[in-house]
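Here is the structure we will look at.
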Amino acid sequence: MAANNQEPLSFARLVTLDERRPAYPQSLVELAYEQLLSMLVTMKIAPGAHIGIEALARQLDISQTPIREALTLLEAQKLAYKIPNVGFRAAELLTRREVHDLFELRLLIEPAAAAFAAQKADDAALSRLAGLAGEMSSAQTGNELAYAQFAEGDARLHHLVAAASGNRFIAETVEGLHAHLHIFRFLFKTNATDKAVQEHEAIISALLARDPVAAERAMRAHLEASRGRMNVVLEERERLTAAQTPPTPDGPTRRGRSRRR
């Protein structure tokens, strides 16, 4: 489980996770958390769907207690919620308004964090950035695993920049948004774009050059572009939803006459 000052979870691992109890040592709560998180972010548990604790306990061959504890952790990340006397359900996908508000907050915080990181990052952080630049330059597209690897790199970049800002409250705020978990759910099964990879490289280059102005500008441009890509997905989802929604009866009544207004 990701915690303060730790690397974010691997999206690639979540996508390829086998829904069976692993052979390697792992606490039961960690096991339940990772399995549930994998099911939620890859839509194996659909948005809004009931999460059956008894069925999961049988599937994972563990008791219900660690599953309930894992669900409490996921509730804190806004990926699940509890209904009294009913049980847990998977969170719905973010609404258009929530996506807008999320990016508004990120635009307030993350460009400033990038500027601070350009000034304050230590050698170890710069070394990790250089390594990340190499990984992103070889990014692939074409399938779910490729997008998961891309999303993981993006999450690592934002996590590292926030931590390198030298401001604990900025780092905790960025982490507390759990933005990448929610965005991953939205964009799962899409492909990473060359444009996004170029945006990442611009941020890293500015940070390695210790240029706070360029780092702030590059981070802002990346977030604005990311919001634009999210809007495209939102518009397509709304179009498909509208096409699948049956029209409201507004024509002939049962007797074949027009309804009065």
Side-chain angles (χ1 to χ4, degrees), residues 1-4 6-96 98-99 102 143-152 154-155 159 175-191 230 233-234 236-238 240-241 243-246:
M1 290 171 283
N4 291 342
Q6 294 181 349
E7 288 293 316
L9 283 164
S10 167
F11 286 109
R13 174 172 169 73
L14 292 176
V15 169
T16 58
L17 195 63
D18 193 346
E19 295 174 23
R20 291 175 296 182
R21 187 167 177 171
Y24 59 85
Q26 188 179 38
S27 81
L28 294 181
V29 175
E30 288 175 336
L31 165 65
Y33 172 82
E34 190 175 62
Q35 292 284 353
L36 278 164
L37 182 60
S38 174
M39 295 176 190
L40 289 167
V41 301
T42 61
M43 305 295 190
K44 291 175 183 175
I45 298 178
H50 175 71
I51 300 175
I53 294 177
E54 291 184 10
L56 281 168
R58 289 193 299 271
Q59 179 179 332
L60 300 178
D61 191 25
I62 59 178
S63 71
Q64 297 182 26
T65 299
I67 294 176
R68 293 182 189 280
E69 291 185 33
L71 283 167
T72 299
L73 294 171
L74 291 165
E75 187 176 23
Q77 294 176 303
K78 312 300 183 186
L79 290 173
Y81 61 95
K82 185 176 183 179
I83 302 175
N85 303 318
V86 175
F88 283 92
R89 289 190 176 275
E92 298 286 353
L93 292 176
L94 297 178
T95 65
R96 178 182 284 273
E98 288 170 336
V99 170
L102 174 62
N143 56 36
E144 296 173 7
L145 180 57
Y147 174 67
Q149 292 168 336
F150 164 78
E152 181 182 337
D154 188 59
H159 175 93
E175 182 181 351
L177 294 174
H178 306 294
H180 286 86
L181 288 172
H182 295 286
I183 292 172
F184 185 85
R185 294 176 78 215
F186 246 119
L187 302 182
F188 180 60
K189 296 187 179 180
T190 66
N191 292 328
M230 284 290 291
V233 175
L234 282 163
E236 178 65 12
R237 189 181 72 153
E238 290 173 357
L240 291 173
T241 300
Q244 295 170 0
T245 302

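Bear in mind that the values here come from a model prediction, so they are computed numbers and not experimental data. Along the sequence shown, residues carry numbers from 1. Below, all heavy atoms of this structure are taken into account, side chains as well, without hydrogens, waters or symmetry copies.
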In short, I67 meets A57 closest at the heavy-atom pair CD1-N, 3.3 Å
side-chain hydrogen bond (donor to acceptor under 3.5 Å, both in side chains) partners of R68, counting only residues at least two apart:
Q64
The side-chain contact (heavy atoms from CB on, under 4.5 Å) partners of R89 (sequence neighbours excluded) come to H50, Y81, I83
Apply side-chain contact (heavy atoms from CB on, under 4.5 Å) to A49 and list each qualifying residue two or more places apart in sequence or on a separate chain.
I45, A46
Residues L234 and L94: closest non-hydrogen pair is CD2-O, 4.5 Å
Output the distance between atom CZ (R185) and atom CD1 (I183), rounded to the nearest 0.5 Å.
12.0 Å
If we only count heavy atoms from C-beta on, is the L74 to I51 side-chain gap below 4.5 Å?
no
What closest approach, in Å, do E98 and L93 show between heavy atoms, and which atom pair accounts for it?
OE1-O, 4.3 Å
Which pair of non-hydrogen atoms, one from A151 and one from H180, has the smallest distance, and what is that distance?
O-CD2, 4.4 Å
Residues that R96 engages under salt bridge (Lys or Arg N to Asp or Glu O under 4.0 Å), provided they are two or more places apart:
E238
Kindly write out the residues that satisfy side-chain contact (heavy atoms from CB on, under 4.5 Å) with K78, not counting sequence neighbours, or none if the list is empty.
H182
Measuring from L56:CG to M39:CE, what's the distance to the nearest 0.5 Å?
5.5 Å
With L36 as reference, evaluate L71, L31, L60, V41 under the side chain to side chain contact (heavy atoms under 4.5 Å, CB included) test and give the passing residue.
L71
Not counting sequence neighbours, which residues clear side-chain contact (heavy atoms from CB on, under 4.5 Å) with T65? List them please.
S63, E69
Could you walk me through whether L240 and R237 satisfy the side-chain contact (heavy atoms from CB on, under 4.5 Å) test, starting with their C-alpha distance in whole Å, then the side-chain angles of each, then the deciding distance to 0.1 Å, before giving a yes or no?
CA-CA 5 Å; L240 291 173; R237 189 181 72 153; 5.9 Å; no
With E75, which residues qualify under side-chain hydrogen bond (donor to acceptor under 3.5 Å, both in side chains), at least two apart?
none
Hey, could you give me the CE/CG distance between M230 and L102, rounded to the nearest 0.5 Å?
8.0 Å
Of all residues at least two apart in sequence or in a different chain, which pass the side-chain hydrogen bond (donor to acceptor under 3.5 Å, both in side chains) check with E236?
R239
Show the nearest heavy-atom pair for residues P84 and K82, with the distance to one decimal.
CD-O, 3.9 Å
Side-chain heavy-atom pair L79, H178 within 4.5 angstrom cut-off:
no
Taking atom CD of E34 and atom CG of L37, what is their separation to the nearest 0.5 Å?
8.0 Å
